[in-house]
Each structure stands twice: as C-alpha cells, then as structure tokens.
Amino acid sequence: MFWAAGLKKIFCIPLCAELHEGVETIRTFQRKPEPLVQVQPKVSVTSLMAAMAATVLPALGKWCLLVLDAYFAVGPVFAILKKVRDDAGHDLVHVVTRAKSNVVAYIDAPPKTGRPGRPRVYGQKLSLIKLFDTHRQDFQQTRIELYGQVKSIAYLCLDLIWKPVGQKVGFILVADDDRRGQRLIAEATDAIEAFVNFGCIACGILQILALNFHETIWRRYMGWLRTVSSSIPSEEIVRSVVQQEYCHNFHAFSTDAICRTIMSKSRGCQQSLMPLVA
C-alpha cells in the first residue's frame, strides 16, 4: 500500500494498493505492465513497489520523499524511481532508506594517468559498517529530538558511488552512544521471552489437565463439537472449561491473591466484579 503523509501535521492518506506477492501470472491476466530495469523485466516485491510509486508520484505533481526500510535498499528500486521526473525533467522523488550492514561503496576514480590500459572506473572500496571505526574522528556532533527527548549523536555524510545504481548516493552514518536504547531493547526482549515462557507454562498446565482429568472436562464442557476425534480434549476445550468454572465459582475466590491482584489493576474491572463478590 502506498501512503501520502503530511509534513506539518501527522496524518496519512492511502493512495494506492496492489497485491505484490505471488501474482506474476495474475498480472498478465490484469494486463499490467512489468517494471523494467535496463530494458529487462524485473518482477519482484521491491520492483513492483517502486513501479507502483512511479505511477502514483507523477499524478501528485509535487516533489515527494519516499521513506523505505532496508528491504527496499536494492538497485532496481533506485533504477525505477530515478526515471520519475516532471515535464521539465526535474526529479520528483527522493528516496530515504536504511542501508544494509554489508553495503559497500566507492570513492571517485583516480584521475587518468595517460598510461596504456583501461582507466579505473571506481576508486577505493569502502565498507560502510567499518567506517564507524576507521573514520570515527571525522564524525560531527549534533543534537536531535527523538520521541520527545533531546539527545546527542555523531554523524558523517558521504557521497559515494554505489554499484547497483552506477552513480553517487548520499550516505549518512549515525553513531548513537546512548546506552538507554540498548537497555530498552534488552527489556523488550526480556518481556517477550517472559510472555512466551508464561504461555508455555499455561499450555503445559492445560495439557496436564487434559491427560489426567479428561472425563471430568468432557462432562463439564458446555460447547458443541460436530466430531469428537479423541477422548483427550484439546487445550482450547480445557481452557474454556477452566474459564467457565472459574467464573461460576468466582464469588468463592474474593480473598484469593489472584482475584485481589486483578481487581487492584483496574478500577473498571473492580466495579464490574463487585456484584459477584458481594
């Protein structure tokens, strides 16, 4: 889906949507043209997105900033979009994307020496990820506002030749020494792992109940199944029985630690449960 976003206000307007996954043959039925890169058809998710943007942007009639993630940082995307121009021949789109960690680029080729042989097309090869160490002294300091907080970062701007497009591309290397971002990532990872582990524990408990109390569970089950394929109920059936039993006997758990915790977390929850425990 292609969206237009306002710069002065935060809003997005959907402009166009297409299916791009597994539709190569279907596109021939729709009589949609295939995107071309160097006069050759290039049908991929990335090229189809770029082709869709190349169709929409001229209709807007204004210079646009296309923000993409690293998945779209490939040569065909740039090759398709650099053809998007207005009637005067001016570029209509500027692409901003995150480079992949293995990207390499080249400085300008050295001047011709006049010696026999083919002159060099590219200069020194640079691995962008290594520049954070080898060129750290060239980084400049600045302050930016990110998520409502002002922080200091170091950056380095380089215009280097990128082979997939055969011309110079502006690379901006940003070094953030704020360790709070690594801490937040670690906390988020811990939370995800805890959620998954609690889910595993809950699933294990349901399976134990299904194996040891399957007859009781089937007797208490109030649902309907068209076909019973096993005498051992599924985790979902066990969950529904446990849920209905807990709700049915909730008034008896008014002093239970779990009940008090649930009621203390939400005033709305507490108000809705009070008639049951009164």
Side-chain angles (χ1 to χ4, degrees), residues 1-7 10-109 121-132 156-174 185 192:
M1 182 174 290
F2 192 74
W3 298 77
L7 296 179
I10 304 301
F11 65 90
C12 293
I13 301 175
L15 299 178
C16 184
E18 285 184 349
L19 293 176
H20 289 167
E21 194 73 46
V23 292
E24 291 83 357
T25 303
I26 297 177
R27 288 181 66 88
T28 62
F29 300 155
Q30 296 175 303
R31 297 182 179 179
K32 290 184 177 180
E34 296 179 346
L36 300 178
V37 178
Q38 296 179 352
V39 200
Q40 296 295 326
K42 189 74 173 180
V43 182
S44 63
V45 174
T46 55
S47 60
L48 290 176
M49 186 285 305
M52 181 173 64
T55 302
V56 173
L57 295 178
L60 297 178
K62 295 183 179 181
W63 180 85
C64 300
L65 187 67
L66 191 59
V67 181
L68 307 172
D69 61 22
Y71 181 74
F72 296 95
V74 292
V77 170
F78 287 80
I80 293 172
L81 292 176
K82 73 178 182 180
K83 299 177 182 178
V84 181
R85 302 177 182 272
D86 59 16
D87 296 336
H90 300 135
D91 293 333
L92 276 178
V93 60
H94 190 85
V95 180
V96 176
T97 183
R98 182 173 64 86
K100 299 177 182 179
S101 59
N102 61 348
V103 165
V104 296
Y106 299 81
I107 64 175
D108 291 328
V121 179
Y122 302 104
Q124 180 185 358
K125 178 180 178 180
L126 299 176
S127 173
L128 295 184
I129 197 66
K130 293 181 179 179
L131 296 180
F132 285 95
L156 177 64
C157 298
L158 297 172
D159 290 332
L160 301 173
I161 302 174
W162 192 36
K163 271 190 176 182
V165 296
Q167 64 184 44
K168 283 190 175 181
V169 173
F171 292 94
I172 302 177
L173 284 67
V174 179
I185 293 174
I192 294 172

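All heavy atoms count here, side chains included; hydrogens, waters and symmetry mates do not.
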Does anything in residues 87-99 pair up under salt bridge (charged side-chain N to carboxylate O under 4.0 Å, His left out), and if so which pairs, sequence neighbours excluded? Arg85-Asp91
Given side chains that start at C-beta, do those of [X] and [Y] come closer than 4.5 Å, heavy atoms only?
| X | Y | answer |
| --- | --- | --- |
| Tyr106 | Lys163 | yes |
| Ile129 | Asn102 | no |
| Pro58 | Asp86 | no |
| Lys32 | Glu18 | yes |

Is it true that, when you exclude Lys100 itself, more than 12 heavy atoms of the residues, nucleotides or ligands shown sit nearer than 6.0 Å to its NZ? yes
Using a cut-off of 6.0 Å, state whether more than 12 heavy atoms not belonging to Gln30 lie near its atom CD. yes
Got a second to check how far [X]'s [atom1] is from [Y]'s [atom2], nearest 0.5 Å?
| X | Y | atom1 | atom2 | value |
| --- | --- | --- | --- | --- |
| His94 | Leu81 | NE2 | CG | 11.5 Å |
| Gln167 | Ile161 | CD | CD1 | 10.0 Å |
| Ile107 | Leu158 | CD1 | CG | 10.5 Å |
| Met52 | Leu57 | CE | CG | 10.0 Å |
| Glu21 | Leu48 | CD | CG | 9.5 Å |
| Ser101 | Lys130 | OG | NZ | 12.0 Å |

Let me have the donor-acceptor pairs involving side chains of residues 59-77, under 3.5 Å, with sequence neighbours excluded, atom names and distances please.
unit_1: Asp69; atom_1: OD1; unit_2: Tyr71; atom_2: N; d: 3.1

So which of Leu131, Leu128, Leu156, Asp159 actually passes side chain to side chain contact (heavy atoms under 4.5 Å, CB included) with Phe171? Leu128
Residues two or more places apart in sequence or in another chain: which of them pass side-chain contact (heavy atoms from CB on, under 4.5 Å) with Thr55? none
Residue pair [X] / [Y]: nearest heavy atoms and the distance that separates them:
| X | Y | result |
| --- | --- | --- |
| Ser127 | Val104 | CA-CG1, 4.0 Å |
| Leu160 | Ala105 | CB-CB, 3.6 Å |
| Pro35 | Ile80 | CB-CD1, 3.9 Å |

Over 60° means perpendicular and under 30° means parallel, so tell me whether Trp162 and Phe78 are parallel, tilted or perpendicular. perpendicular
One pair to check against side chain to side chain contact (heavy atoms under 4.5 Å, CB included): Lys168 and Asp108. What are the steps and the verdict? CA-CA 9 Å; Lys168 283 190 175 181; Asp108 291 328; 2.8 Å; yes
